[in-house]
There are 2 protein chains.
Amino acid sequence: MTTTAARPPTPTLEQVAALAGVSRATVSRVINDSPRVSPAARDAVHAAVEALRYVPNRMARSLVTRRTDTIALVLSESNTQIFADPFFARIVRGLSARLADTELNLVLLAARGGREQEKVARYVQQGHVDGVILISLHRDDLLPDLLARSPVPLVLSGRPFDGRAVPYVDADNVGGAAAATTHLLQLGRSRIGTVAGPLDMVAGLDRLTGYRTALAAAGTPARPELVAEGDFTEAGGSRAMARLLSEVPDLDAVFVASDPMAVGALRVLRAAGRRVPDDVAVVGFDDAEVAASCDPPLTTVAQPLEEMTGALVDLLLEQIGSGGSAVEARLCGTALVRRASA
Amino acid sequence: MTTTAARPPTPTLEQVAALAGVSRATVSRVINDSPRVSPAARDAVHAAVEALRYVPNRMARSLVTRRTDTIALVLSESNTQIFADPFFARIVRGLSARLADTELNLVLLAARGGREQEKVARYVQQGHVDGVILISLHRDDLLPDLLARSPVPLVLSGRPFDGRAVPYVDADNVGGAAAATTHLLQLGRSRIGTVAGPLDMVAGLDRLTGYRTALAAAGTPARPELVAEGDFTEAGGSRAMARLLSEVPDLDAVFVASDPMAVGALRVLRAAGRRVPDDVAVVGFDDAEVAASCDPPLTTVAQPLEEMTGALVDLLLEQIGSGGSAVEARLCGTALVRRASA
DNA sequence: TTGAAAGCGCTAACAC
DNA sequence: GTGTTAGCGCTTTCAA
């Protein structure tokens with residue numbers, strides 16, 4: 001069964017105009033909701049559009065408007081699978097929700113290796129999108145430079161490593177981590193370790209800084225063996241927690257720099273026969289949903305993700321709109337969420 | 001600091017031509033690697049391109065070629081987070097790898113609710129992409145219909161529920177599940193349960209069918225209480241396994257219809273004091289990486305994912321190329337992978 | 001309020 | 001080999 005049916009030709013503005021008995025210009029005005037159209041013409045055009053199942057050709061439109069009404073979320077997953085991170089899923093949901101009532105479309109661009117990153121950069125440079133949101137940046141990531149070459153507006157989720165002038169949105173990771181650690185101090189704990197995030201990411205670094213800051217403020221600076229680096233994943237959290245336990249057997253509290261890591265850490269603690277939170281108090285960071293699924297639920301530092309994704313879009317739209325704008329940064333607060341033990 | 005710098009105008013073919021001292025047509029030929037260009041002209045053009053940092057305008061090109069050189073992977077995650085599924089990450093990796101040496105770009109389109117699905121359908125219909133790959137389909141999914149309205153080629157990962165004439169690629173889920181179950185039978189197990197996949201997905205249904213087929217062939221039809229439905233996630237696997245254990249305490253083997261679910265199931269089994277595989281033998285399905293990370297490593301039914309993603313792309317390209325082609329389906333085999341216990 | 005006409009940047013015949 | 005020309009389908013002045 002070889003169906004070599006030529007694809008049916010898509011109707012054009014021209015044909016709609018002909019059917020409606022008006023000019024192309026008028027059809028265009030109707031399509032674009034121009035107020036300067038008579039009701040009669042409007043109805044005729046709408047009817048013709050329905051009849052022909054007309055859909056505007058985006059390429060033709062973009063060629064003249066120089067807009068694509070599309071923004072890209074670029075996933076620079078030079079590391080492992082960012083997909084698995086619930087934080088990522090929430091970002092996507094948040095962005096989609098924010099864009100739901102707009103004309104803007106969202107596309108995700110995955111860039112793992114160097115070649116893919118260049119391909120993505122080319123895609124952006126060729127004008128497929130009006131703006132780019134870049135997340136999950138690592139220190140040696142090439143994407144910011146690759147993307148900066150093109151005139152397409154760019155915003156980062158997370159402060160850039162170098163102090164480069166790029167708009168970004170970040171959570172108060174230092175403050176959040178300090179709050180978490182202070183909470184543990186107030187519980188009366190004294191041997192407080194941390195399962196840190198990856199130290200080639202600002203979020204990882206900042207949370208470690210917050211942890212250290214709080215300890216230092218309490219007059220009990222962190223000992224090196226109290227810090228175990230993880231990679232924000234559940235498995236990484238398990239590994240780091242195991243290392244921490246073996247090096248500091250009398251650990252009585254731990255600040256875990258992400259919630260997936262906290263889940264892994266908790267598993268290890270329990271397998272080791274430690275009671276949580278009686279023997280070892282745990283505070284997670286990031287994703288309230290993950291932490292809430294623990295039993296007993298974890299005390300957590302939550303990020304205002306809605307606020308962050310909203311700010312990301314706002315920042316980007318600002319730039320797209322004005323065709324250049326003041327470089328801006330938004331720091332979003334964090335909140336310590338204590339949950340009653342089940 | 002308000003930088004209202006107007007964005008620098010992008011250079012056009014025209015300007016390249018002027019600088020290189022040739023016509024637009026010649027520049028176009030060089031850009032598109034036409035053989036009919038003299039070396040001299042080619043060099044001059046390349047030099048001008050470099051000098052001007054010229055990048056072709058995709059919209060203009062697409063308008064005339066009627067190609068965008070972009071295909072979309074549409075994620076119909078009406079359910080929970082498909083992102084978390086390692087299977088999904090592998091699909092993306094596989095597709096990206098397959099497209100690495102081509103001019104084709106890959107974009108991911110996330111469509112959760114009905115509104116987002118319509119937005120995605122509109123995006124496709126407007127001509128942003130040359131073809132669509134649709135994965136993770138549920139029975140009541142509207143996307144196949146929404147996308148079928150547009151003339152854009154579509155291929156499915158997984159057989160469609162209705163027998164509709166859409167090209168698709170599927171693994172031999174029935175055969176794989178049967179092989180898994182037969183393996184357990186050959187181990188001498190007799191009370192073999194299954195943590196099934198979601199029954200509103202063909203993969204879930206087919207794997208359950210394979211399980212039943214194998215049991216029936218052995219003359220020991222499956223009892224209803226031996227089947228617990230999961231949702232392909234780790235947490236779902238845990239829940240289903242717990243249910244299975246409580247209803248069938250003397251269970252001596254279980255076929256788990258996905259590897260993430262197997263990880264969850266394993267956890268429950270061990271927590272319940274069952275030794276694996278001595279007391280309860282487990283076979284997973286899907287993602288060898290996940291299963292290999294277990295200890296001892298799981299016996300697994302593996303899908304030839306490279307083959308599947310390759311076939312998806314091939315099928316799509318075929319359709320794009322000819323502008324209509326025979327509807328085709330590719331069934332990819334599965335393989336039972338036995339791993340030596342650690 | 002509407003239409004005519006120009007043109008966005010590019011490719012693709014078609015001549016030369 | 002190379003240039004000329006004619007559009008691709010749309011938006012947008014500019015007149016009417």
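Residue numbers begin at 1 in each chain, while the letters A, B, ... track the order of the sequences. Basis for what follows: all heavy atoms, side chains included, without hydrogens, waters or symmetry-related copies. Owing to the predicted nature of the structure, the values given are computational and were not obtained by experimental measurement.
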Between B:Ser38 and B:Arg66, which has a closest nucleotide on DNA chain D that is more 5'?
->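 In this pair, the answer is B:Ser38.
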Between [atom2] of [N] and [atom1] of [X], the distance in whole Å:
| X | N | atom1 | atom2 | answer |
| --- | --- | --- | --- | --- |
| A:Arg36 | D:dC14 | CZ | C1' | 13 Å |
| B:Ile31 | C:dG9 | CD1 | C1' | 12 Å |
| B:Met59 | C:dG7 | CE | C1' | 18 Å |
| A:Leu52 | D:dC10 | CG | P | 11 Å |
| A:Asp43 | C:dT1 | CG | P | 15 Å |
| A:His128 | C:dC10 | NE2 | C1' | 14 Å |
| A:Asn57 | C:dC8 | CG | P | 18 Å |
| B:Glu14 | C:dC8 | CD | P | 9 Å |

Residue [X], side-chain heavy atoms: nucleotide from [options] that is nearest:
| X | options | answer |
| --- | --- | --- |
| B:Leu63 | D:dG9, D:dG3, C:dC10 | D:dG9 |
| B:Val64 | D:dC10, D:dG3, C:dG9 | C:dG9 |
| B:Ala41 | C:dG9, D:dT2, C:dA12 | D:dT2 |
| B:Thr12 | D:dG9, C:dG9, C:dT11 | C:dG9 |

If you compare every side-chain N and O of [X] against the phosphate oxygens of [N] (OP1, OP2), does one of them come in below 4.0 Å?
| X | N | result |
| --- | --- | --- |
| B:Thr65 | C:dT11 | no |
| A:Asn32 | D:dT11 | yes |
| A:Ser62 | C:dC8 | no |
| A:Ser28 | D:dT11 | yes |
| B:Ser23 | D:dT2 | no |
| B:Thr26 | D:dG3 | yes |

Mark yes or no for a side-chain to base donor-acceptor pair under 3.5 Å between B:Arg29 and D:dG3, with no hydrogen or angle criteria applied.
->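 Pair found.
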Which pair of heavy atoms, one from A:Pro167 and one from A:Leu315, lies closest together, and at what distance?
->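 What the structure gives for the nearest pair is CB-CD2, 3.8 Å.
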Atom CZ of B:Arg53: over 12 foreign heavy atoms under 6.0 Å |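 Open.
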Ionic contact status for A:Arg330 with A:Glu318, cut-off 4.0 Å |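 So A:Glu318 pairs with A:Arg330 through a salt bridge.
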Under-4.0 Å salt bridge between A:Asp162 and A:Arg139 |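 No salt bridge links A:Asp162 with A:Arg139.
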With sequence neighbours excluded, tell me which residues meet ring pair (Phe, Tyr, Trp, His ring centres under 6.0 Å) with A:Tyr123.
->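 Expected list: A:His128.
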